2 protein chains.
Amino acid sequence: MDNRILKGSLTTIILKLLEDNHRMYGYEMTKAVKELSNEKMTITEAALYPALHKLVEDGLLTTSSEIVDGRIRKYYSLTKEGKKETQTKIEALKSALESIQIILNPDLRNG
Amino acid sequence: MDNRILKGSLTTIILKLLEDNHRMYGYEMTKAVKELSNEKMTITEAALYPALHKLVEDGLLTTSSEIVDGRIRKYYSLTKEGKKETQTKIEALKSALESIQIILNPDLRNG
DNA sequence: ATTATATACCTAACAATATTATGTATTATT
DNA sequence: AATAATACATAATATTGTTAGGTATATAAT
C-alpha cells in the first residue's frame, strides 16, 4: 500500500472484499481498493499475490481459474473457515482503528 | 503493537503523543497508549526504543536525560523539523484510516 | 529478609510484511 | 508499431515488529 502505512491490514482488506463480493480475482481487487479509496490507497500486486497464496495455503480461500478474453483470471472465494476468520479479523481491525482514532483526535477523548 | 495489526503507525503515534505532551519518556509512552486504548493496544519496548532512536537519528526528536527517584529517564521532544513531519504523518495516517473505514463499513459507501 | 512487581532503559536473533524491480503474455488503444 | 491496460507471478531487499533476553533501582507483599 502507498505511504508505508497500515501494513498488516492487507489480509483483512482482502477478506473483507471477498465477503462483500463473493468472488474476485487479484487484479480486480487492486482496482476495487483504488476506486474505494479515491486513488489514495494502492495495493501493489507484489504484495497482493503472495498474500492471496498464503490465504489459500491457510485454507481461508479457494480458487478457480477461468479464461476471459484470452487472459487467465484466478478467482478467489472465502471458505467456511475463511468466513469465520473474516469476522475475527474485521473486529480486530476495527478495534485497532478506534484506538488509533482516539490517539489522533484529542477531541474524541473529551467527547 | 498487539495483534500484528497496523504496523507502520508506531512512528506516527509517537510523534502525535509528543505533539500533545511536549515532553515524554519511552516508558511513559507505553503507559499512555495502553491507557488511551483501554488496554487494547500495547507498544512493546522492543519496538518503541529502536523507533525512538531512529527518530532522533533522523533529526525529528531531541533527548535530555534526567535522574528521577534514582532511575534514569530519557525525555524526548519534537524538533522543528519533527513538528513539520508530525503534521505530514498525521494527515497521511488519517487519510489511510478513512480509506480503510470505507472498505470496512459498506454503510459509509452509500452514505 | 526475600520475592515479586513496577519503573526504566536497552539489544540481538528472528519473523512477517511490504517495496522495488522484474518477468511473461494477451488484448486494446494510439 | 508502440504504448497502455489487463492479468498473472517471483526474487532480492528493506522495513517493521516479535520473541526473548539483559541490566538496574524502587516499592509492595509475604
Side-chain angles (χ1 to χ4, degrees), chain A residues 1-15 17 23-35 39 41-58 60-61 63-76 89 92-93 96 99-100, chain B residues 1-15 17 23-35 39 41-58 60-61 63-76 89 92-93 96 99-100:
Chain A
M1 246 159 300
D2 273 339
N3 306 325
R4 284 179 194 159
I5 37 180
L6 297 175
K7 300 182 179 184
S9 58
L10 176 58
T11 294
T12 308
I13 288 172
I14 292 171
L15 294 174
L17 287 174
R23 193 167 184 264
M24 289 182 94
Y25 55 101
Y27 189 74
E28 191 182 12
M29 294 180 194
T30 68
K31 296 294 161 197
V33 167
K34 215 176 248 177
E35 204 191 314
E39 324 294 303
M41 218 161 71
T42 305
I43 299 180
T44 64
E45 292 174 78
L48 176 64
Y49 290 117
L52 286 170
H53 300 162
K54 186 164 189 303
L55 287 168
V56 172
E57 195 187 306
D58 292 348
L60 304 182
L61 302 184
T63 62
S64 58
S65 293
E66 280 179 29
I67 294 174
V68 179
D69 294 329
R71 276 187 292 258
I72 267 197
R73 275 188 196 172
K74 201 165 161 187
Y75 281 97
Y76 293 87
K89 283 255 165 69
L93 182 51
S99 295
I100 293 191
Chain B
M1 247 158 299
D2 274 339
N3 306 326
R4 285 178 194 159
I5 35 182
L6 300 175
K7 298 182 179 185
S9 59
L10 175 57
T11 294
T12 309
I13 287 172
I14 292 170
L15 294 174
L17 287 173
R23 192 167 186 264
M24 289 181 94
Y25 54 100
Y27 190 74
E28 191 182 9
M29 294 180 192
T30 67
K31 296 296 161 194
V33 167
K34 213 176 249 175
E35 204 191 314
E39 324 294 303
M41 219 162 71
T42 305
I43 300 180
T44 63
E45 293 175 74
L48 176 63
Y49 290 115
L52 285 171
H53 300 163
K54 186 164 189 305
L55 286 168
V56 172
E57 194 188 307
D58 292 348
L60 304 183
L61 303 184
T63 61
S64 58
S65 294
E66 280 180 29
I67 294 175
V68 179
D69 293 329
R71 276 185 295 258
I72 268 198
R73 276 188 194 171
K74 203 165 160 185
Y75 282 96
Y76 292 87
K89 283 254 166 69
L93 182 51
S99 296
I100 293 192

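In what follows, chains are A, B, ... by sequence order, proteins preceding strands, each numbered from 1. Please read these numbers as outputs of a predicted model, since none were measured by experiment. The analysis underlying the following values was restricted to heavy atoms, covering all of them including side chains, and did not include hydrogens, waters or symmetry mates.
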Counting only side-chain nitrogens and oxygens, does [X] get under 4.0 Å of the OP1 or OP2 atom of [N]?
X: Y25(A); N: dA7(D); value: yes
X: K31(B); N: dA8(C); value: no
X: T44(A); N: dT19(C); value: yes
X: H53(B); N: dT11(C); value: yes
X: K74(A); N: dA9(D); value: yes

In whole angstrom, give the distance that lies between atom [atom1] of [X] and atom [atom2] of [N].
X: L10(A); N: dT19(C); atom1: CG; atom2: C1'; value: 13 Å
X: E28(A); N: dC8(D); atom1: CD; atom2: P; value: 9 Å
X: L55(A); N: dT17(C); atom1: CG; atom2: C1'; value: 13 Å
X: L93(B); N: dT16(D); atom1: CG; atom2: C1'; value: 15 Å
X: I13(A); N: dT17(C); atom1: CD1; atom2: P; value: 14 Å
X: M29(B); N: dC9(C); atom1: CE; atom2: C1'; value: 13 Å
X: D58(B); N: dT16(D); atom1: CG; atom2: C1'; value: 14 Å
X: M41(B); N: dG17(D); atom1: CE; atom2: C1'; value: 14 Å

Tabulate atom names and distances for all N/O pairs under 3.5 angstrom spanning the protein and nucleotides 1-4 of chain C.
none

Please walk me through it: do T30(B) and T44(B) pass side chain to side chain contact (heavy atoms under 4.5 Å, CB included)?
CA-CA 7 Å; T30(B) 67; T44(B) 63; over 6 Å; no
Looking for any heavy atom pair under 4.0 Å, which part of the strands does K54(B) touch: base, sugar-phosphate only, or nothing?
nothing
Atom pair CD (E35(B)) and CD (E28(B)), whose distance is rounded to the nearest 0.5 Å:
10.5 Å
Before giving the answer on side chain to side chain contact (heavy atoms under 4.5 Å, CB included), spell out for Y76(B) and L52(B) the whole-Å C-alpha distance, their side-chain angles and the decisive distance to 0.1 Å.
CA-CA 8 Å; Y76(B) 292 87; L52(B) 285 171; 3.7 Å; yes
Candidate nucleotides [options], ranked by approach to the side chain of [X] - the nearest:
X: K7(A); options: dA5(D), dG17(D), dT15(D); answer: dT15(D)
X: Y49(B); options: dA8(C), dA18(C), dT10(D); answer: dA8(C)
X: Y76(B); options: dC10(C), dA8(C), dT6(D); answer: dC10(C)

Restricting to non-hydrogen atoms, name the atom on [X] and the atom on [Y] that form the minimum distance, rounded to 0.1 Å.
X: A51(A); Y: L10(A); result: CB-CD2, 4.0 Å
X: V33(B); Y: M41(B); result: CG1-CE, 3.7 Å
X: L48(B); Y: G26(B); result: CD2-O, 3.2 Å

Let me see the working for T11(A) and K54(A) under side chain to side chain contact (heavy atoms under 4.5 Å, CB included), right down to the final yes or no.
CA-CA 10 Å; T11(A) 294; K54(A) 186 164 189 303; over 6 Å; no
Go through R23(A) and E66(A) one step at a time and tell me if the salt bridge (Lys or Arg N to Asp or Glu O under 4.0 Å) criterion holds.
CA-CA 12 Å; R23(A) 193 167 184 264; E66(A) 280 179 29; 2.6 Å; yes
Its contact letters, B for base, S for sugar-phosphate only and - for none at protein heavy atoms under 4.0 Å, make nucleotides 20-29 of chain D read B----BS---
Name all residues meeting the side-chain hydrogen bond (donor to acceptor under 3.5 Å, both in side chains) criterion together with K34(B); count only those two or more places apart in sequence or in a different chain, and write none if there are none.
none
Apply side chain to side chain contact (heavy atoms under 4.5 Å, CB included) to residues E45(B) and Y27(B) and explain how you reach the verdict.
CA-CA 8 Å; E45(B) 293 175 74; Y27(B) 190 74; 4.3 Å; yes
